[in-house]
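Take a look at the structure below.
Just so it is clear, the structure is predicted and the values come from calculations on it, not from any experiment. Below, all heavy atoms of this structure are taken into account, side chains as well, without hydrogens, waters or symmetry copies. Below, read A as the first sequence line, B as the second, and so on, with proteins coming before strands; counting in each chain starts at 1.
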Amino acid sequence: MDFNLPGEDDPRRIKVRKWFEENPNPTYAQLAKQGWTASNWPEPWGVGADAEMQWIIDEEIVRAGLELPYTINAIALNQCGQSLLNYGTEAQRQKFLPGALACEEIWCMLFSEPSGGSDLGALRTTARREGDHYVVNGHKIWTSVADHASVGVLVARTDASKPKHSGLSMFLIDMKSPGVTVNPIIDMTGNKNEYNEVFLDNVKVPADALLGQEGEGWKLTMEQLQTERVGMTKPGVVWGMGPTARDLMNGLIETGRIRDPLLRDEAAKLYIEGEILRLLTYRNMTSRINGTPAGFEGSAGKMLSSPHGQRMADLAKRSQGVSGMIRNPDVLPLPEKKWGMFSNWDYAYWFSPANTLGVGTQEVLLNVVAERVLGLPRESDPTAKVPFSEISNTSAKAAKQVRQ
Amino acid sequence: MDFNLPGEDDPRRIKVRKWFEENPNPTYAQLAKQGWTASNWPEPWGVGADAEMQWIIDEEIVRAGLELPYTINAIALNQCGQSLLNYGTEAQRQKFLPGALACEEIWCMLFSEPSGGSDLGALRTTARREGDHYVVNGHKIWTSVADHASVGVLVARTDASKPKHSGLSMFLIDMKSPGVTVNPIIDMTGNKNEYNEVFLDNVKVPADALLGQEGEGWKLTMEQLQTERVGMTKPGVVWGMGPTARDLMNGLIETGRIRDPLLRDEAAKLYIEGEILRLLTYRNMTSRINGTPAGFEGSAGKMLSSPHGQRMADLAKRSQGVSGMIRNPDVLPLPEKKWGMFSNWDYAYWFSPANTLGVGTQEVLLNVVAERVLGLPRESDPTAKVPFSEISNTSAKAAKQVRQ
Amino acid sequence: MNFALSEDHEFLRDSASKFVDEQVDLSPLLRPGADVTDAGYDQLWSRISELGWSAITVPEVYGGLGMSYIDLVMIVGETGRTLAPCPLFGTLAGAWSIEAAGSEAQKMALLPKLAEGMTLALAVADESGSYDNMATDVHATPSADGYVLSGTKSFVVDAASADKIIVSALIDDRKDYFIVDANAAGIAIEILQWRDITRQVCRVELDNVSAERLEASSENVWPWVRDRLYLVLAAESAAGIRTALNDAVAYAKERIAFGKPIGAFQAIKHQLANLAGAAEGANAMVQYAAWSLSENDERGPLAAAMAQSYASEQYREATHRNIQVFGAIGFTWEMKNHLYYKRARCNAELLGAPASQREQVVRFLEEQAA
Amino acid sequence: MNFALSEDHEFLRDSASKFVDEQVDLSPLLRPGADVTDAGYDQLWSRISELGWSAITVPEVYGGLGMSYIDLVMIVGETGRTLAPCPLFGTLAGAWSIEAAGSEAQKMALLPKLAEGMTLALAVADESGSYDNMATDVHATPSADGYVLSGTKSFVVDAASADKIIVSALIDDRKDYFIVDANAAGIAIEILQWRDITRQVCRVELDNVSAERLEASSENVWPWVRDRLYLVLAAESAAGIRTALNDAVAYAKERIAFGKPIGAFQAIKHQLANLAGAAEGANAMVQYAAWSLSENDERGPLAAAMAQSYASEQYREATHRNIQVFGAIGFTWEMKNHLYYKRARCNAELLGAPASQREQVVRFLEEQAA
């Protein structure tokens with residue numbers, strides 16, 4: 001057991017740092033050429049870095065003053081890109097990955113729909129095969145970065161005669177295709193749109209944009225969401241990103257607000273929770289180094305981190321008193337402004353109701369932990385086993401039944 | 001709107017007090033003769049007192065140094081006795097009520113069973129008609145005062161071919177009957193038994209002990225439990241009984257422990273919750289005075305009071321620090337020792353896990369409020385509509401289904 | 001003992017309900033960049049003042065309606081339920097300050113103008129939001145024709161639309177109350193970027209502004225007024241909890257997931273059942289506080305602090321839960337859920353956090369025990 | 001970075017697990033009136049001391065096993081999981097006091113006796129349970145052949161079964177550490193009616209008891225020992241959370257209500273999922289604290305306080321929830337659920353409440369920031 005992270009004198013670090021010294025102000029394309037924009041991927045895309053090596057490379061990228069590639073192009077480099085390694089054709093890899101790794105092609109994830117939400121498998125967007133292409137129709141929502149993405153990872157229904165999870169397929173679509181319309185959604189923060197809705201109106205998608213097999217869409221989707229959630233175990237305020245309880249504690253100490261005995265006790269609780277999340281990321285890093293499967297932190301990290309982030313944002317906000325009710329007053333300092341839009345407790349606070357909604361509601365995550373980790377009985381879903389095309393009847397019947 | 005309670009100069013009170021002056025040290029039989037042991041009941045059993053008059057009579061009984069009749073004989077005078085007024089025969093009333101009202105015949109409630117619990121309707125005790133009597137077999141549990149009760153209010157299954165709630169009937173049985181065995185249960189407080197289990201082994205019950213009709217058992221049971229729960233809205237620490245947050249606050253002020261800023265804030269929260277429970281009892285009193293149906297407080301009071309009591313007991317205990325871990329140290333004072341066994345925070349604390357278990361678990365009460373007050377969909381119970389005798393199959397099937 | 005609304009109370013509530021349902025329209029606020037004036041903040045007021053709501057508890061001798069605080073919460077419950085954007089809060093605050101700090105002559109001169117639609121505001125908090133800082137507050141200096149005030153106040157509700165502003169100011173080591181014309185020379189009013197866009201909250205700078213002293217000023221004025229403002233906020237919050245609950249329940253019955261209305265899932269049911277308890281508790285506490293202030297009951301200040309602490313905290317929980325039940329759509333600007341969330345959040349800070357009212361509760365009880 | 005147990009750690013844990021599963025039997029405690037001695041408190045010890053557990057972290061030079069605190073928590077996790085009644089806590093506390101406060105000669109003289117089964121206890125808290133009261137504590141007075149101690153200590157774990165007791169006592173305005181024979185003249189030990197009947201907790205009266213001063217006494221002794229005792233309690237608690245969770249999960253899969261296993265109801269599922277998070281968090285925190293104390297990492301004291309605060313509070317929640325899942329049967333004396341509930345409750349008071357450790361956390365961070 002060893003909780004020390006690779007130090008300044010680590011030979012691996014020295015080597016990486018040397019490259020940055022020799023290549024000041026590198027482009028992401030240059031980084032990609034080094035295999036460092038997705039360093040954990042196998043060559044030629046990455047360098048097959050283990051978790052410590054990836055940690056070093058990431059730290060050196062930040063040290064060089066660059067934003068991390070997988071925050072710029074998260075869908076490609078974190079959530080979805082690896083599916084191409086496992087399920088894509090060589091042609092797909094050659095077509096899509098170089099631009100993604102260079103952060104020149106931004107990807108987005110066309111999953112959620114207005115009618116869906118937690119019940120993602122009930123999605124209604126259809127992809128109808130017509131000769132050498134598919135025709136896609138539907139309405140996606142909560143799509144981050146859709147307004148500047150060039151590639152969309154789409155889940156659509158290719159066979160409505162199958163049960164809802166079995167008739168889905170995944171595609172990589174060109175967001176510039178005719179019929180794709182992107183509208184921004186302003187959320188309750190009132191800030192620049194974080195999300196968009198995407199209308200797909202008879203969009204023609206070439207047949208070779210199908211990722212994996214027809215009907216494999218649900219499996220790929222679940223793997224990608226799982227990857228996304230693992231990343232959310234981190235102790236940052238919103239989905240693992242942004243300032244942590246350490247930063248909150250520093251701010252409270254610096255302003256003297258820590259002397260309020262009630263805030264003080266709460267801040268200590270949050271600090272401890274934050275350290276636990278930090279430890280779980282270390283455990284995850286260890287599993288990755290050792291090549292052992294992710295443990296509890298894989299399925300449950302977000303269950304812990306989402307409400308933790310909410311409580312942090314809430315305490316940060318309350319510590320500011322009535323002044324905190326004015327937009328962007330920044331009464332509580334965050335000395336390091338390194339978290340982009342989250343470098344501000346005000347934004348983090350008003351955004352935080354989404355913590356327990358996005359990428360699985362808290363209720364869904366609790367179910368996942370209860371069922372997969374603890375082995376408790378699965379929820380019954382009366383719509384899971386009938387053909388999707390018959391669900392509306394089943395649903396109505398079930399709804400009627402429970403209403404009795 | 002008026003929150004004043006009848007004062008010292010209320011003419012109704014003066015009249016009652018005069019009687020006590022003229023009749024020092026009365027027996028409960030004497031009080032029963034006045035109609036004061038269940039004053040809200042109609043004559044000749046009570047005096048048809050409205051809620052204010054009942055309040056006055058109760059206060060004067062306490063003032064005379066007597067324990068309240070409905071705490072001595074709660075099952076008869078609060079939960080079950082009124083069912084005889086509504087559903088009993090005149091012969092049953094004449095046989096059972098005088099002794100109950102005089103507190104000479106103590107009643108107990110033979111409802112819960114080891115296999116049941118929240119799902120009370122699944123009870124297995126049977127009453128088989130044989131000529132002019134029934135033969136009862138079964139195993140009841142969590143029966144308060146069974147060890148000194150002379151009358152048992154029994155719910156048993158008279159028809160297993162009907163669905164589980166339809167085949168039940170209610171009886172008033174003689175606890176001295178052959179075949180009735182009462183064993184005390186020691187709970188985690190380690191104190192004198194509060195509960196018993198009762199074995200019923202071929203107990204002969206005369207046919208005229210049936211209360212209401214065969215098959216009406218579930219309706220009567222629900223009415224009685226509802227009455228019991230309404231009484232639990234009060235702000236006392238355990239099921240509405242015992243010291244309240246006012247007493248807790250007084251103790252913390254008296255000992256100076258209120259100066260601890262964390263306890264202080266928690267104590268204030270509890271004080272406010274306690275005042276809300278007090279207000280809900282006032283609202284209930286008003287409904288009874290005005291003859292209007294009980295509102296929210298009827299179904300939801302216990303949902304609020306049970307966890308409130310737990311939090312109170314917990315704070316009282318925590319305020320005592322490590323000394324509170326010794327049995328009965330009574331570090332936090334309760335100046336008035338008027339609550340019987342609950343006149344001690346130590347007992348209240350170790351008993352308090354039962355708050356949210358007895359007379360409906362918290363989960364069941366939350367369901368009741370969600371369904372009856374808010375009109376949300378009912379829980380599905382796959383065993384509700386099949387004949388009871390076939391339930392074990394249904395249950396097994398359902399269990400198998402959810403385990404898949 | 002009679003814990004029930006009278007028919008008069010219910011009639012008043014029902015007619016107020018009808019009025020706000022017809023008059024209040026929050027939809028203009030559901031566009032990004034909107035502020036309080038977009039939702040008829042000024043227009044609504046002329047109708048409200050015609051109804052006499054701003055003078056509802058002002059004694060008849062001063063031209064008011066002379067009604068009780070129970071009547072008041074019937075109305076505020078309805079404006080709170082609909083988040084009715086209008087200068088009612090500021091005007092009530094100002095009127096109570098005059099009632100508490102004005103001489104008979106001042107009350108006779110000022111309060112009858114409420115019937116003509118006069119709008120008021122009360123400036124008590126200093127720039128940091130503190131109500132008891134003696135160092136940083138506005139200062140009053142005697143002048144030829146009265147006093148002049150200089151300094152900065154903040155968190156002044158409805159100041160930018162007020163005709164007159166009551167200002168607490170330091171003079172001779174005490175705080176007295178002064179009245180100034182809102183358009184007097186030397187006043188600069190900035191509307192703050194207050195997160196609750198259904199309410200107007202301002203910063204007021206005073207630079208040698210001539211002012212009239214309210215002649216019955218004393219240290220009792222603020223506690224007396226504050227208790228009543230607690231009641232107003234608590235009544236808003238209690239009504240808001242009920243609304244957040246009702247909306248969430250309705251949505252949970254309609255929205256289908258996994259083949260069932262989401263209200264069939266225990267996780268949702270139990271959350272909503274707990275909110276139902278909070279709604280009932282807040283309602284009871286507000287009515288009790290209204291009664292005890294009306295009766296000048298000695299526990300009135302205790303009841304007001306309890307009501308504000310409990311209702312504002314539960315309102316926060318209710319509006320959070322409401323958004324959770326709606327899911328992501330409830331988090332968008334185009335839905336009204338966030339307006340309630342922000343009202344709740346701001347109600348829990350405007351007069352101090354819930355913990356500060358709990359501190360008042362304990363102090364009250366300590367004094368009673370002493 | 002390597003946050004995984006080594007094979008040696010796992011082997012040690014597994015053999016400890018096998019040992020306690022075979023040796024610990026709580027059933028005698030499930031009869032009303034039972035106390036700690038009924039569950040083999042003394043018998044178990046001879047086997048445990050044979051295994052060397054009481055000297056596991058004692059350096060080899062003093063006859064100990066010289067193992068790390070990670071090894072220690074492997075063992076304490078198992079005794080904690082089974083509530084193994086035995087004087088391990090007291091003996092560890094005493095041994096650490098000697099390690100911290102004894103001179104080389106004293107350590108060489110005393111610590112090797114652990115291998116022979118010596119039992120110890122550490123008396124630090126005064127009668128009120130305070131660790132820092134300088135007025136009411138035991139006093140030490142120099143005497144012909146050393147010192148004599150007089151006064152009362154309480155909450156002394158395993159005192160009644162100890163061979164020797166380490167006592168902190170006032171002398172010249174500081175607190176030094178002394179060692180006394182448990183059967184010396186002038187000592188009266190009362191076993192308290194401690195609610196956790198799997199542990200022996202005592203009150204110790206000293207009336208002119210002759211004592212030997214531990215020559216390296218300093219004000220650093222108690223913080224150093226306390227951090228290690230935090231680790232022990234936290235390791236017990238973390239293991240207890242896991243046990244309470246596992247038992248509740250197993251019961252929820254078996255117990256049928258309304259035609260389903262109760263574990264199919266979301267209310268139950270979600271409560272248990274939250275406990276699973278707590279179990280994981282407590283486990284991680286305990287291992288981190290063990291590592292950082294082993295490494296003499298500067299954050300060791302912080303980690304120990306965090307672990308104790310978090311684990312003891314979550315243990316309370318877990319054992320409460322466990323009883324709620326079992327329902328009324330889980331509330332009876334004849335089930336072992338209440339033994340865990342009481343262990344959890346007492347662990348959260350024995351060395352101060354979780355809030356007191358949180359205060360230590362903040363102070364540590366304040367000092368670090370200064």
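- The greatest number of non-hydrogen atom pairs below 4.5 Å with chain D, out of A:Arg264, A:Glu275, A:Met285, is found for A:Arg264.
- Both the backbone and the side chain of A:Met1 come within less than 4.5 Å of a heavy atom of chain D.
- Among the candidates A:Leu277, A:Leu252, A:Asp265, A:Ile258, the residue making the largest number of heavy-atom pairs closer than 4.5 Å to chain D is A:Asp265.
- Aromatic ring orientation, D:Phe326 versus D:Tyr251: parallel (interplanar angle below 30°, classes split at 30° and 60°).
- For D:Gln271, no part lies under 4.5 angstrom from a heavy atom of chain A.
- Ion pairing between a basic and an acidic side chain is recognised when a charged N comes within 4.0 Å of a carboxylate O; D:Arg228 and D:Glu99 show no such pairing.
- D:Val361 has its side chain out of reach of D:Gln357: every pair of non-hydrogen atoms, C-beta onward, lies at least 4.5 Å apart.
- If you measure heavy-atom distances from A:Ile272 to chain D, the contacts under 4.5 Å come from both the backbone and the side chain.
- Contact of D:Asn274 with chain A is made through backbone and side chain together, with heavy-atom distances under 4.5 Å.
- For a residue to count as touching a neighbouring chain, one of its non-hydrogen atoms must lie under 4.5 Å from one of that chain's; by this rule A:Leu374 touches chain D with backbone and side chain alike.
- Proximity to chain D is absent for every atom of A:Asn250, based on heavy atoms less than 4.5 angstrom apart.
- In summary, A:Arg12 and A:Asp10 engage in a salt bridge, as defined by a charged side-chain N under 4.0 Å from a carboxylate O.
- Contacts of D:Ala369 with chain A are made by side-chain atoms alone, with heavy-atom separations under 4.5 Å and no backbone atom involved.
- Look at A:Arg278 and A:Glu273 and you find no salt bridge, because none of the NZ, NE, NH1 or NH2 atoms lies under 4.0 Å from a carboxylate O.
- D:Asn322 contributes a side-chain N or O that, together with a main-chain N or O of D:Ala244, makes up a donor-acceptor pair within less than 3.5 Å.
- Interface check for chain A: of the options D:Gln368, D:Glu366, D:Glu313, the most heavy-atom pairs under 4.5 Å are formed by D:Glu366.
- Of the two parts of D:Ile70, only the side chain, counted from C-beta on, holds a non-hydrogen atom closer than 4.5 Å to a non-hydrogen atom of chain A.
- At a 4.5 Å heavy-atom cutoff, D:Leu275 makes no contact with chain A through either its backbone or its side chain.
- Under a 3.5 Å cut-off, the side chain of D:Gln308 and the backbone N or O of D:Asn347 do form a donor-acceptor pair.
- In this structure, the ring-ring contact (aromatic ring centres under 6.0 Å, His included) partners of D:Trp291, at least two apart in sequence or on a different chain, are A:Phe3.
- With a 4.5 Å cut-off on non-hydrogen atoms, A:Ile253 touches chain D through its side chain but not through its backbone.
- For the pair D:Arg363 and D:Glu367, the salt-bridge criterion is not met [side-chain N within less than 4.0 Å of a carboxylate O].
- If you measure heavy-atom distances from D:Ser309 to chain A, the contacts under 4.5 Å come from the side chain alone.
- For chain D, the nearby parts of A:Glu363 are the backbone and the side chain; heavy atoms of each come within less than 4.5 Å.
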